[in-house]
Amino acid sequence: MQLVFSTHALKRMFERGISVDDVRAVLKRNTVVASYPDDQPFASQLLFGRVDGKPLHVVAAQSDTGETVVITVYRPDPLLWNVNFTERLP
């Protein structure tokens with residue numbers, strides 16, 4: 001899998017102590033939380049996975065050339081998400 005990281009994603013990963021391997025793990029095994037078909041320049045998805053038992057959200061898109069573009073990465077706040085981190089609380 002060819003990964004491309006946005007500047008924003010790299011900055012957030014550094015700030016949050018999230019590694020490239022963590023992102024790869026979520027991209028390999030995940031639950032699609034939301035799809036954003038109108039995102040530009042490529043449709044993207046919010047993906048949920050666990051790394052070392054900790055929840056992680058990755059927003060990524062597939063480019064026209066087949067690269068996976070990582071847009072942002074964050075640890076979801078349990079006060080804002082359901083217990084499965086797949087639905088935002090009202």
Side-chain angles (χ1 to χ4, degrees):
M1 166 186 337
Q2 180 70 24
L3 291 181
V4 175
F5 291 85
S6 71
T7 302
H8 174 81
L10 290 171
K11 181 179 178 183
R12 295 299 178 245
M13 289 167 62
F14 177 77
E15 291 172 349
R16 298 166 177 159
I18 298 168
S19 72
V20 171
D21 287 340
D22 293 344
V23 173
R24 282 188 188 278
V26 172
L27 293 173
K28 285 183 181 178
R29 286 192 311 258
N30 63 70
T31 299
V32 177
V33 174
S35 293
Y36 308 111
D38 297 328
D39 275 3
Q40 294 295 323
F42 311 109
S44 66
Q45 293 182 317
L46 171 58
L47 308 170
F48 164 73
R50 288 189 180 272
V51 177
D52 297 328
K54 297 177 185 172
L56 188 62
H57 278 171
V58 174
V59 178
Q62 289 298 123
S63 74
D64 294 338
T65 58
E67 299 167 318
T68 300
V69 180
V70 179
I71 300 163
T72 195
V73 179
Y74 61 93
R75 298 213 182 272
D77 184 336
L79 298 176
L80 301 176
W81 293 87
N82 69 355
V83 295
N84 297 320
F85 298 98
T86 56
E87 291 182 34
R88 222 172 148 78
L89 297 175

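Keep in mind that the numbers below use all heavy atoms, side chains included, and drop hydrogens, waters and symmetry copies. For clarity, every value in this text was computed on a predicted model and none was experimentally measured.
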Test: side chain to side chain donor-acceptor pair (under 3.5 Å). Region: residues 9-21. Which pairs qualify, not counting sequence neighbours?
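Residue pairs passing side chain to side chain donor-acceptor pair (under 3.5 Å), neighbours aside: R12-E15, S19-D22.
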Does F48 form a side chain to side chain contact (heavy atoms under 4.5 Å, CB included) with N30? I'd like the steps, not just the answer.
CA-CA 5 Å; F48 164 73; N30 63 70; over 6 Å; no
For Q40, give me all partners under side chain to side chain donor-acceptor pair (under 3.5 Å), at least two apart in sequence or on another chain.
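Partners of Q40 under the side chain to side chain donor-acceptor pair (under 3.5 Å) test: none.
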State the CG-CG distance between L47 and L27, to the nearest 0.5 angstrom.
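Interatomic distance, L47 CG to L27 CG, rounded to 0.5 Å: 6.5 Å.
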P76 to P55 - nearest heavy-atom pair and separation
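Distance-wise, the nearest heavy atoms are CD-O, 3.7 Å.
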ILVMFWY cluster, W81 and V58 together (side-chain gap under 4.5 Å)
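No, separate clusters.
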Applying side chain to side chain contact (heavy atoms under 4.5 Å, CB included) to V23 and I18, what does each step give before you reach the verdict?
CA-CA 8 Å; V23 173; I18 298 168; 4.2 Å; yes
Sequence-distant partners of Q62, side chain to side chain donor-acceptor pair (under 3.5 Å), two or more places apart
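For Q62 the side chain to side chain donor-acceptor pair (under 3.5 Å) partners, ignoring immediate neighbours, are T68.
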Look at the side-chain heavy atoms of Ile, Leu, Val, Met, Phe, Trp and Tyr, link any pair under 4.5 Å apart, and say whether V26 and L46 land in one connected group.
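The answer is no; the residues belong to distinct hydrophobic clusters.
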Sequence neighbours left out, what passes side chain to side chain contact (heavy atoms under 4.5 Å, CB included) with L89? Give chain and number order.
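Counting only residues at least two positions away or on another chain, L89 forms a side chain to side chain contact (heavy atoms under 4.5 Å, CB included) with N82.
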State, to 0.1 Å, how close S6 and I71 come at their nearest heavy-atom pair, and which atoms those are.
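Smallest heavy-atom distance, with atoms named: OG-O, 2.9 Å.
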Sole residue of V69, L10, V73 in side chain to side chain contact (heavy atoms under 4.5 Å, CB included) with F5:
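With F5 as partner, V69, L10, V73 yield a single side chain to side chain contact (heavy atoms under 4.5 Å, CB included), made by L10.
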Side chain to side chain donor-acceptor pair (under 3.5 Å) contacts touching residues 49-59 (sequence neighbours left out)
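Checked against side chain to side chain donor-acceptor pair (under 3.5 Å) - neighbours excluded - the pairs reaching residues 49-59 are H57-Y74.
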Do V59 and L80 belong together in a cluster built from hydrophobic side chains that touch within less than 4.5 Å?
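Same hydrophobic cluster.
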Any donor and acceptor pair, going by atom type alone, linking the side chain of N84 with main-chain N or O of T86 inside 3.5 Å?
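Such a contact is absent between N84 side chain and T86 backbone.
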Look up atom CG in L3 and atom CD in E67, then write down how far apart they are to the nearest 0.5 Å.
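Rounded to the nearest 0.5 Å, the CG-CD separation comes to 9.5 Å.
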Which pairs of donor and acceptor atoms, one on a side chain in residues 32-39, lie under 3.5 Å apart (sequence neighbours left out)?
residue	atom	partner	partner atom	Å
S35	OG	Q45	NE2	3.4
D39	OD2	S44	OG	2.4

If you measure from CZ on F85 to CZ on R75, what distance do you get to the nearest 0.5 Å?
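Atom-to-atom, F85:CZ and R75:CZ are 10.5 Å apart.
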With sequence neighbours left out, write down each residue that passes side chain to side chain donor-acceptor pair (under 3.5 Å) with S63, or none if nothing qualifies.
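With sequence neighbours excluded, S63 shows a side chain to side chain donor-acceptor pair (under 3.5 Å) to T65, given in chain and number order.
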